[in-house]
Each structure stands twice: as C-alpha cells, then as structure tokens.
Amino acid sequence: VQLQASGGGLVQAGGSLRLSCAASGKIWSINTFGWYRQAPGKQRELVADIITGGSTNYAGSAKGRFTISRNNARRTVYLQMNSLKPEDTAVYYCFASGITDRSTLRPFGTWGQGTQVTVSS
C-alpha cells in the first residue's frame with residue numbers, strides 16, 4: 001500500500017491550503033485516514049483523523065480551522081486548512097490503516113512521504 005500526498009506550499013498567515021492523500025495498491029478497506037505533522041525539533045503529532053463511518057477527531061489546535069474528509073471511492077483523504085498560522089508550519093504526513101485482503105484480513109498501516117506547509121507571518 002502506498003500513499004501519495006500533495007497540496008503543501010507556502011502561504012501567508014490567514015490563508016488556506018488543501019492537502020490531499022491518495023492510497024493505492026492492494027487494499028480491501030481503509031478503516032482510518034489521518035493527518036499528522038512534524039515541526040522542526042518537535043515530535044510528530046496528530047492533526048486529525050477520520051474513520052470509515054465518517055467520525056472525525058481533531059487536535060485542539062486544528063479545531064474550528066481544519067476540516068478532514070475522505071472519498072472512499074477514490075481512496076483519498078483531504079485536509080482543508082483555513083486561517084493558517086505560522087505555528088502550523090510543519091511537514092504534514094498522511095496515514096492510513098485498514099485491511100489489504102478480504103480473505104486473509106491482513107492489516108496494513110502506511111505513512112505517506114510528507115508535504116511541506118510553510119505559513120509566513
């Protein structure tokens with residue numbers, strides 16, 4: 001299973017960006033999609049995740065500004081980021097977990113390659 005993230009870039013404070021992450025490979029189901037971020041010198045932290053039924057979970061810093069969504073047919077997760085702040089600057093990673101094969105129920109957990117988000121003040 002591979003994840004391809006895109007949509008990062010440089011934006012001024014108060015601006016918006018939309019990240020996308022598409023999954024490919026042998027996949028029967030994706031249970032959880034998530035976005036994490038890692039700023040220089042800091043640990044990777046959860047930004048938001050979304051499960052199969054559509055329930056979402058956000059870090060406190062993301063609530064009210066970021067929206068996570070998924071398109072199951074396209075095996076894609078999105079992160080709409082509004083009202084961006086300089087402290088949102090980080091490498092953003094997508095994550096997916098699920099089942100690769102219906103007959104064996106073999107699980108997977110995979111990280112994308114990361115996309116840089118830089119917010120200037």
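FYI, the numbering just counts along the sequence from 1.
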Plane angle bin for Y36 and W111 - parallel if under 30°, tilted between 30 and 60°, otherwise perpendicular: perpendicular
Check your understanding: Cut-off 3.5 Å, side chains only: do Q4 and S6 have a donor facing an acceptor?
Key -> no
Inset, instruction - Examine distances only and state if a side-chain atom of Y78 and a backbone atom of T67 form a donor-acceptor pair shorter than 3.5 Å. - result: no
Flag, side chain of Q113 to backbone of A5, donor-acceptor distance under 3.5 Å: yes
Original post:
Is the backbone of L84 close enough, under 3.5 Å, to the side chain of S16 for a donor and an acceptor to pair up by distance?
Top reply: no
Sorted by chain and residue number, the side chain to side chain donor-acceptor pair (under 3.5 Å) partners of E45 (sequence neighbours excluded) come out as R37
Original post:
Under a single-linkage definition using a 4.5 Å side-chain heavy-atom cutoff for Ile, Leu, Val, Met, Phe, Trp and Tyr, are L46 and M81 assigned to the same hydrophobic cluster?
Top reply: no
Across all chains, not counting sequence neighbours, the side chain to side chain donor-acceptor pair (under 3.5 Å) partners of K63 are none
| T100 side chain vs F108 backbone, donor-acceptor pair below 3.5 Å | no
task: Assess whether side-chain contact (heavy atoms from CB on, under 4.5 Å) is satisfied between T118 and S120, documenting all intermediate values.
output: CA-CA 6 Å; T118 303; S120 63; 5.7 Å; no
- Message: Under a 3.5 Å distance rule, please check whether R65 uses its side chain to pair with a backbone N or O of S83 as donor and acceptor.
- Response: yes
Worksheet item: Is the backbone of Y92 close enough, under 3.5 Å, to the side chain of T115 for a donor and an acceptor to pair up by distance?
Response: no
*Is there a donor-acceptor pair under 3.5 Å between the side chain of T110 and the backbone N or O of Q2?*
no
Closer than 3.5 angstrom, by distance alone: can the side chain of R44 be matched with the main-chain N or O of Y93 as a donor-acceptor pair? no
